[in-house]
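When a ligand or atom number is given, it counts from 1 through the structure's own listing order. Both backbone and side-chain heavy atoms feed into the values below; hydrogens, waters and symmetry mates do not.
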Amino acid sequence: MSYSIDLSGRVALVTGASSGLGAQAARTLARAGAAVVLAARRTEKLKDLRAQIESEGGDAHITAMDVTDVASIRAAVARAETEVGSLDILVNNAGVAATQRLQDVAEDDFDRLFDTNVRGAFFTAQEVAKRMLARAKGAAPGTYTGGRIINIASMAGLKVLPQIGVYAMSKATVVHMTRAMALEWGRFGINVNAICPGYIDTEINHHHWSTEQGQKLVQMMPRKRVGRPEDLDALIVMLASNETHFVNGAVIAADDGFAL
Ligand code: NAD
């Protein structure tokens, strides 16, 4: 006997798909059968990923999107729906990090983190949800197959750590934003959940793990290991699926126990 989740016929938009967790989420959703729309600022960087997904028999499309620009978000979502189909799944992943002591944070540093991680994530989810809401309200009773929004927050949204205070503040906002969206949109069949990853080796932090400070951080981790992007695969597929229709507003730590 086996259990599997099939996302065939579903369309997923993944922001920040040009690297790290976004690229992996796109590969995983495509392997589960979804058509994926890869969104990032530089579409050049997405072509290899599209080719890779297609070589595995998946369906992948590309759109430019800068989440700090609401007009760009709206244009990208509209293009995705016109070219591929109504969006069923959003992986709201684009994000930036910064390591700084709080007393050194300048206005620009603060704005960069909040513009991308909070404002960008909010207006991306809002634009996708508006379209999901319109479909949910226009559908005959019981026929809307449901929308799924997965916000990529961070373990730092649950636990503060030194030198990433503003990043942690931005991700704590994403955690609360998830609950607010789940509360307002859940009754229309749109489930909004957050994943709070612990440290995972991607472009955002790769340089750090070979430094003395990075090694010290690994020693502080419960199992003294950094995660890999594929460690989130099962969670992404699960939260994207219709089978988890009873899971809404959940904030799921995927951090090897670091935030405990
Ligand atoms: P990454 O740097 O490889 O990926 C971030 C992606 O976001 C990149 O593709 C980048 O181009 C994109 N992006 C940044 N600003 C953007 C903008 N204005 N418009 C569109 N795209 C933009 O890092 P990652 O580790 O894959 O991070 C992905 C998400 O996971 C981020 O939200 C990050 O905060 C979160 N996260 C990562 C870790 C980790 O340890 N890697 C842990 C917790 C949370």
[X] N/O under 3.5 Å from ligand 1 N/O:
X      : value
Ser154 : no
Gly22  : no
Leu21  : yes
Asn205 : yes

key: Glu44 CD: over 12 foreign heavy atoms closer than 6.0 Å   =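 Atom CD in Glu44 is not crowded, with 12 or fewer foreign heavy atoms closer than 6.0 Å.
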Other residues, nucleotides, ligands: >12 heavy atoms within 6.0 Å of Gln215 CD =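 For Gln215, atom CD is crowded (more than 12 foreign heavy atoms under 6.0 Å).
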Which of the numbered atoms in ligand 1 are under 4.0 angstrom from any heavy atom belonging to [X]?
X      : answer
Gly20  : 3 (O), 26 (O)
Tyr167 : 33 (C), 34 (O), 35 (C), 36 (N), 43 (C), 44 (C)
Thr116 : 15 (N)
Tyr199 : 40 (O)
Gly95  : 5 (C), 7 (O), 14 (C), 31 (C), 32 (O)
Met65  : 19 (N), 20 (C)
Ser19  : 1 (P), 3 (O), 4 (O), 8 (C), 9 (O)
Asn93  : 28 (C), 29 (C), 30 (O), 31 (C), 32 (O)

Of all the non-hydrogen atoms in the protein, which one sits nearest to [atom], and at what distance?
atom                    : result
atom 19 (N) of ligand 1 : Val67 N, 2.9 Å
atom 21 (N) of ligand 1 : Ala94 CB, 3.5 Å
atom 12 (C) of ligand 1 : Gly16 CA, 3.7 Å
atom 43 (C) of ligand 1 : Pro197 O, 3.3 Å
atom 10 (C) of ligand 1 : Arg41 NH2, 3.7 Å
atom 18 (N) of ligand 1 : Asp66 OD1, 2.8 Å

key: Exercise: identify the closest heavy-atom pair between Val36 and Ala30   =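 Taking Val36 first and Ala30 second, the nearest heavy atoms are CG1-N, 3.9 Å.
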Kindly identify the option in [options] whose heavy atom sits closest to [atom].
atom                    : options                      : value
atom 41 (N) of ligand 1 : Ile200, Asn117, Val91        : Ile200
atom 44 (C) of ligand 1 : Ala153, Ala17, Ser170        : Ala153
atom 9 (O) of ligand 1  : Gly198, Ala39, Pro229, Ser18 : Ser18
atom 2 (O) of ligand 1  : Thr124, Thr15, Ile204        : Ile204

ask   = Does some non-hydrogen atom of Lys45 fall short of 4.0 Å from ligand 1?
value =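 False for this residue.
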message = According to ring pair (Phe, Tyr, Trp, His ring centres under 6.0 Å), who are the partners of Phe114, at least two apart in sequence or on a separate chain?
response =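 Checked Phe114 against ring pair (Phe, Tyr, Trp, His ring centres under 6.0 Å); matches are Phe110.
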[X] and [Y] ion-paired at < 4.0 Å:
X      : Y      : answer
Asp66  : Arg41  : no
Arg112 : Glu107 : no
Asp201 : Arg228 : no

inquiry  = For residues Val105 and Leu161: do they belong to one hydrophobic cluster (side chain heavy atoms under 4.5 Å, members Ile, Leu, Val, Met, Phe, Trp, Tyr)?
reply    =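 Same hydrophobic cluster.
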request  = Kindly work out whether a path of hydrophobic side-chain contacts (I/L/V/M/F/W/Y, heavy atoms less than 4.5 Å apart) joins Leu87 to Val67.
outcome  =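 Both belong to a single hydrophobic cluster.
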task = State, with a plain yes or no, whether a side-chain heavy atom of Phe122 is found less than 4.5 Å away from one of Met177.
result =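 Phe122 vs Met177: side chains touch.
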inquiry  = Side chains of Ile53 and Arg50, heavy atoms from C-beta outward: is any pair under 4.5 Å?
reply    =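 No - every pair of side-chain heavy atoms lies 4.5 Å or more apart.
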Mind checking whether [X] contacts ligand 1 via backbone (N, CA, C, O), side chain (CB onward), both or neither, at a 4.0 Å heavy-atom cut-off?
X      : result
Met155 : neither
Thr202 : side chain
Ala156 : neither

message = For the residue pair Thr178 / Asn151, report whether a side-chain donor-acceptor contact shorter than 3.5 Å exists.
response =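 Asn151 vs Thr178: donor-acceptor pair found between side chains.
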query = Between Asp233 and Thr28, does any side-chain donor sit less than 3.5 Å from a side-chain acceptor?
reply =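 A donor-acceptor contact under 3.5 Å links the two side chains.
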key: Contacts of type side-chain contact (heavy atoms from CB on, under 4.5 Å), residue Thr244, not counting sequence neighbours   =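 Thr244 satisfies side-chain contact (heavy atoms from CB on, under 4.5 Å) with Arg148, Met238, Ser241, Val247 once adjacent residues are dropped.
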request  = Please confirm whether the backbone N or O of Ala121 pairs with a side-chain atom of Asn92, one donor and one acceptor, at under 3.5 Å?
outcome  =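 Such a contact is found between Asn92 side chain and Ala121 backbone.
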